[in-house]
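Just below is one structure, and these are the notes that go with it.
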Amino acid sequence: MGDLLLVRHGETEWSLSGQHTSWTDLPLTDNGRAQARSLAPLLTSHHLASAISSPMKRARETAELAGLTGVRVDPDLREWDYGGYEGITTVEIHRTRPGWFLFDDGVAPGPPEHPGESPEEVGARADRMLAKADAALANHEGSVVLIAHGHFLRVLAARRLGLPPSHGALFQLATGTVCRLSTEHGRPVVAGWNVRPSS
């Protein structure tokens, strides 16, 4: 079976400023586009069975600039719904909620169309996405690449390793990087994390 490659989209204005970004559909910055283009050699060094992207512009643009073709879009790859914390930085949240930690505490409720998600809800969505990725890995030779978002991919990595969603906190994930989840002796392992091309 192939590997699972996780790609966090390139930089946006809000990832640069530290604002929580889920449904706000921001484009990449110039630097984010350069980050995405630089990923092409890392991804083409793998035989890819399937590429699946979040529906958000920043993820789809990253996939395109990284040279991926035939990319399917899956809403299960969208970012953690930050509810009332959309567009807000952690520093700002701590002013009224000292000690708040996303992976333990979840988010404040948002508008009806974006009520926010708990860590467990994000974990359940990650499990659904992993089941789809495993089906693609089983039916095709090669690796599967998922192009998505920082917090969601951290939870997905935790779930792949059999850890609870809150353990996504252990996997810091930078913009415009590739992570590789593989197996060793039939068990899931982290084979590469926050990889960028050598400059």
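Small disclaimer: the values here were computed from a predicted structure and weren't measured.
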* Can you check whether Leu181 reaches Val190 side chain to side chain, under 4.5 Å on heavy atoms? -> yes
* Same apolar cluster: Trp193 and Val144, side chain cutoff 4.5 Å -> yes
* **Heavy-atom pair with the smallest gap, counting every atom of Lys57 and Asp25** => N-OD1, 2.7 Å
* **Residue pair Ile147 / Leu77, side-chain heavy-atom distance below 4.5 Å** => no
* Any donor-acceptor pair under 3.5 Å linking the side chain of Thr62 with the backbone of Gly10? -> yes
* Asked: Which heavy atom of Val155 sits nearest a heavy atom of Ala126, and at what distance?
  -> CG1-CB, 4.2 Å
* **Euclidean distance, Glu86 CD relative to Thr21 OG1, rounded to 0.5 Å** => 6.0 Å
* Asked: Between Thr29 and Glu11, do the side chains contain an N or O donor and an N or O acceptor separated by less than 3.5 Å?
  -> yes
* Asked: Between Arg33 and Leu28, is there a donor-acceptor pair closer than 3.5 Å when you use the side chain of the first and the backbone of the second?
  -> yes
* Asked: Counting heavy atoms not belonging to Glu121, are there more than 12 under 6.0 Å from its CD?
  -> yes
* Side-chain contact test, heavy atoms from C-beta onward, threshold under 4.5 Å: evaluate it for Leu173 versus Leu6 and give yes or no. => no
* Structure fact -> Exactly one of Leu4, Val178, Leu43 clears side chain to side chain contact (heavy atoms under 4.5 Å, CB included) with Val145, and that residue is Leu43
* Atom CG in Leu26, atom CD in Glu13: separation rounded to 0.5 Å? -> 8.0 Å
* Side chains of Ser182 and Asp3: donor-acceptor distance under 3.5 Å anywhere? -> yes
* Got Asn31 and Leu16 here, is their nearest side-chain heavy-atom distance under 4.5 Å? -> no
* Asked: Between His46 and Leu5, does a side chain to side chain contact (heavy atoms under 4.5 Å, CB included) hold up when you go through it step by step?
  -> CA-CA 9 Å; His46 295 269; Leu5 305 176; 3.7 Å; yes
* **Nearest heavy-atom neighbours spanning Ala49 and His140** => CB-CB, 3.5 Å
* To do: Establish whether Val189 and Leu170 are linked, either directly or via other cluster members, by ILVMFWY side-chain heavy-atom contacts under 4.5 Å.
  => no
* Check Asp76 against Arg125 and note the closest heavy-atom contact, atom names and distance. => O-NH1, 2.9 Å
* **Residue pair Asp105 / Arg97, side-chain heavy-atom distance below 4.5 Å** => yes
* Nearest heavy atoms of Pro119 and Pro165, plus distance in Å -> O-CB, 3.3 Å
* Is the side chain of Asp74 donor-acceptor paired with the backbone N or O of Met129 at a distance under 3.5 Å, no angle test? -> no
* **Sidechain-backbone polar pair: Arg37 side chain, Leu65 backbone, donor-acceptor under 3.5 Å** => no
* Which heavy atom in Gly84 sits nearest to a heavy atom in Ile88, and how many Å separate them? -> O-CG1, 4.1 Å
* Hey, what do you get for NE2 (His149) to CZ (Arg78), rounding to the nearest 0.5 Å? -> 9.5 Å
* Would you indicate whether the side-chain heavy atoms of Leu161 and Phe171 approach each other to under 4.5 Å? => yes
* If you measure only the distance, is there a donor-acceptor pair under 3.5 Å linking the side chains of Glu79 and Ser54? -> no
* **Gap between atom OG1 of Thr89 and atom NE2 of His20 - 0.5 Å precision** => 8.0 Å
* Aromatic contact, Tyr82 with His114 (centres under 6.0 Å) -> no
* Measure the shortest side-chain to side-chain distance between Val107 and Asp81 over non-hydrogen atoms and say whether it is less than 4.5 angstrom. => no
* To do: Could you tell me whether a side-chain N or O of Arg8 sits under 3.5 Å from a main-chain N or O of Thr177, the two making a donor and an acceptor?
  => no
* Asked: Is the ring centre of Phe103 less than 6.0 Å from the ring centre of Trp80?
  -> yes
* Would Arg160 and Asp134 pass as an ion pair if we require N to O under 4.0 Å? -> yes
* Asked: Looking at OG of Ser166 and CG of Leu102, how far apart are the two atoms once the value is rounded to the nearest 0.5 Å?
  -> 11.0 Å
* Are any of the side-chain nitrogens in Asp127 or Arg159 under 4.0 Å away from the carboxylate oxygens of its partner? -> yes
* Asked: When clusters are formed by joining ILVMFWY residues with side-chain heavy atoms under 4.5 Å apart, either directly or through shared neighbours, do Leu163 and Phe152 land in the same one?
  -> yes
* Starting at CG of Leu39, measure out to CZ of Arg196 and round the result to the nearest 0.5 Å. => 8.5 Å
* Do Thr24 and Gln19 have side-chain heavy atoms sitting under 4.5 Å apart? -> no
* Would a hydrophobic clustering, with Ile, Leu, Val, Met, Phe, Trp and Tyr connected at side-chain separations under 4.5 Å, put Leu137 with Leu130? -> yes
* To do: Kindly indicate, with the supporting measurements, whether the criterion side chain to side chain contact (heavy atoms under 4.5 Å, CB included) is fulfilled by Met56 and His9.
  => CA-CA 10 Å; Met56 305 310 289; His9 63 76; over 6 Å; no
* To do: Please confirm whether the backbone N or O of Trp100 pairs with a side-chain atom of His94, one donor and one acceptor, at under 3.5 Å?
  => yes
* To do: Please answer whether the main-chain N or O of Glu141 pairs with a side-chain N or O of His47 as donor and acceptor at a distance below 3.5 Å.
  => yes
* Could you check Leu68 against Val7 for side chain to side chain contact (heavy atoms under 4.5 Å, CB included), going step by step and ending with a plain yes or no? => CA-CA 12 Å; Leu68 297 172; Val7 175; 5.7 Å; no
